[in-house]
Amino acid sequence: MRVLLLVTAFNGLTQRVFEQLRLQSHEVRVIFSGCDDEIRDLVSVFRPDIILCPFLKQRIADDIWNEHLCIIIHPGITGDRGPSSLDWAILNRESEWGVTALQADSEMDAGDIWSTVNFPMRAASKASLYRQEVTKMAAHLVDEIIDLFTLRADTLQSNPLSTRFKPQALDYSRADVKGALRPLLKQSQRAIDWSGDSTQTVLDKIRAADSFPGVLDEFCGQPVYLYGAHSEGALKGNIPKQILGQRQGAICVATIDGAVWISHLKRQKIESHSFIKLPATWVLNKAIETVPELGLKVLPDNMTDTFSEITYSESGSVGYLYFNFHNGAMGIEQCYRLLEAYEAALARDTRVLVLMGGDDFFSNGIHLNHIEASEDKAESSWLNINAIDDLIKAILETRNKITVAAVRNNAGAGGAMMALACDYIFSRDGVVLNPHYKAMGLYGSEYWTYTLPNRVGMEKAVVLTESCLPLGAQAAANIGFVDAVFPGDLTAYQFELNKHVTDIAADYQFEQLLENKLQRRDRDEAEKPLAAYRQEELLQMELCFWGEDAKYHAKRYNFVHKVSCGRTPTNLKHGFNTLEVKASSLPV
């Protein structure tokens, strides 16, 4: 089937749907909204059987949806309409929410309903709910839509008068239609009343605005948007909105009945000058220099009810190291804190060490926002790439444990390559990897020129890094990028993960397994040292950071400041089959 994805951006949800359809052997193209003539041109050439819109903020031109079947995936329960669907659901503390597939019509979100699926709400940010529950349900709906479309087409072909499947018109009189038309949620409705709002209400308001638009407030005389709300189980202040402490870039703020952690702030736009989201302590800077640092031990307990980017737990002979960095990005200081925690975990009396990543991402590599905020962006980039290289070197050189990358969530660039440093990679079904750097104008480091070809072979390594396309978990398993794919349900995934790593630790041949690992590493080191791979990669990265023709700085700026070029990448718009690349694409 020919499927066109009409989207506002190639975000995580769109990438999952894209990979899902490609794995099912559908012919898929992607077009960005914004230029109706460009859409019409592609539609006339590609002649899609169906147009799917998993992430679309703009209206579809009348002539397009009138002439072609267009299905919108809306992140709302049946009957929900409006641009602030999840925001309202969090603020209203809905126990259940949903995702609805509806046919494009003249009125936004009011078209005939093809299918809908609900999910239980959890205490999480809008961004997290979107990346997890909404994305999973949307992917399920896409499969259902394809089946319904095929069924309808087959039925009409065999019996033109048949009406076996017909989408349902929106009817608010029906008992199962629980949604409503809700307006755009404004800052006046998001505002926190620090003298009256409970801790839970403060958490709800900030979580309902993550990752956009944030909650507009004022701290230390600066108008700022608030992001990244985390609970605090012990601290409590006497004065609401008092900053009680700071930790790992976050600030702890008193409420009327407790306290919350706020990890990130963004200064309000001043005239034509806009700002980017940064750690809260970076934004407030000297205004909070007397606020105490509330430190934690190197390996905090994963069950502690407080803010900590890095936590740890153990079960028998298995250690689990979590690194829950905001948006999966790892700045210089974060890399070295994680390295310190990794080394501490190596000293524990365990046999297997599992890298768990974070709640929404495994890792996305170096921190572009941190780099953009620095005075010397090339130097900051250099320090950041070396910091993550130091971390990955430690993983590759681990000699007393079997290491496992538990890729529960999406990973990109250096974060995807970091997983390759482990002895095993166990992915969750539905996870999307982006093992490439080229779209950001980078060659990449993280020892990928050693680990990636070892996993998938030289030819596939070149294709993955040059094509700049996402790689789904099942497709990754098919080429050897990951060792196994466990169920998409997080509880089921965790059960399978625990079982497999426990079996590895309990294997009567564990010592031989470890010895085989060390022999491979020593053999590889004798053939070509890790230091040589790193030096070759960093020589290329020097050109990316300081070269006259470097594209990285402009691409990073546009990414961080959300400046869209408005054009659909050629490989998405026209399809991607094979690459003609020279053998010199990878150093030998």
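The side-chain heavy atoms of Val224 and Gln222, taken from C-beta on, include a pair separated by under 4.5 Å. Side-chain contact check for Trp114 versus Leu141: every heavy-atom pair is 4.5 Å or farther apart. The closest side-chain heavy-atom distance from Val202 to Ile206 is below 4.5 Å. Between Thr201 and Arg93 there is a side-chain heavy-atom pair separated by less than 4.5 Å. With a 4.5 Å cut-off on side-chain heavy atoms, Asn118 and Ile77 count as touching. When side chains are defined from C-beta on, Thr100 counts as touching Ile113, because their heavy atoms get closer than 4.5 Å.
Less than 6.0 angstrom separates the ring centroid of His230 from the ring centroid of Phe307. Between Phe18 and Phe10, the ring center distance clears the sub-6.0 Å criterion.
Between Asn302 and Ser313, the shortest heavy-atom distance links the atoms CB-CB, 4.2 Å. Here the shortest heavy-atom pairing between Tyr493 and Pro487 reads CB-O, 3.3 Å. Nearest heavy-atom pair across Gly228 and Asp210 is N-OD2, 3.0 Å. In terms of heavy atoms, Ile90 sits closest to Ser125 at CD1-C, 4.1 Å.
Looking only at atom types and distance, the side chain of Glu232 has a donor-acceptor partner in the side chain of Thr306 under 3.5 Å away.
The pair Arg182-Asp87 does not meet the salt-bridge criterion, since no charged nitrogen lies less than 4.0 angstrom from a carboxylate oxygen. With respect to Glu309 and Arg247, no salt bridge is recorded, no charged nitrogen being found less than 4.0 Å from a carboxylate O. Under 4.0 Å is where a charged nitrogen must lie from a carboxylate oxygen, and between Glu27 and Arg22 no such pair does. Electrostatic pairing of Glu38 and Lys573 counts as a salt bridge here, judged by a charged N lying under 4.0 Å from a carboxylate O. A salt bridge between Asp63 and Arg40 is present, with a side-chain N of the basic residue lying under 4.0 Å from a carboxylate O of the acidic one.
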Problem set entry | side chain to side chain donor-acceptor pair (under 3.5 Å) between Tyr322 and Asp359, intermediate numbers included | CA-CA 9 Å; Tyr322 300 80; Asp359 293 340; over 6 Å; no
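Ring geometry for His367 versus His370: interplanar angle under 30°, hence parallel rather than tilted (30 to 60°).
Ser427 places no side-chain N or O within donor-acceptor distance of the main-chain N or O of Ala473, the cut-off being under 3.5 Å.
Taking the ring axis of Phe275 as reference, the NZ or CZ atom of Lys266 does not stay both within 45° of it and closer than 6.0 Å to the ring centre. Within the cation-pi definition used here (under 6.0 Å to the ring centroid, within 45° of the axis), Arg428 does not qualify as a partner of Phe486.
The one candidate from Asp197, Asp193, Asp217 that meets the salt bridge (charged side-chain N to carboxylate O under 4.0 Å, His left out) condition with Lys205 is Asp197.
Within 6.0 Å of the NZ atom in Lys241, the count of heavy atoms belonging to other residues, nucleotides or ligands exceeds 12.
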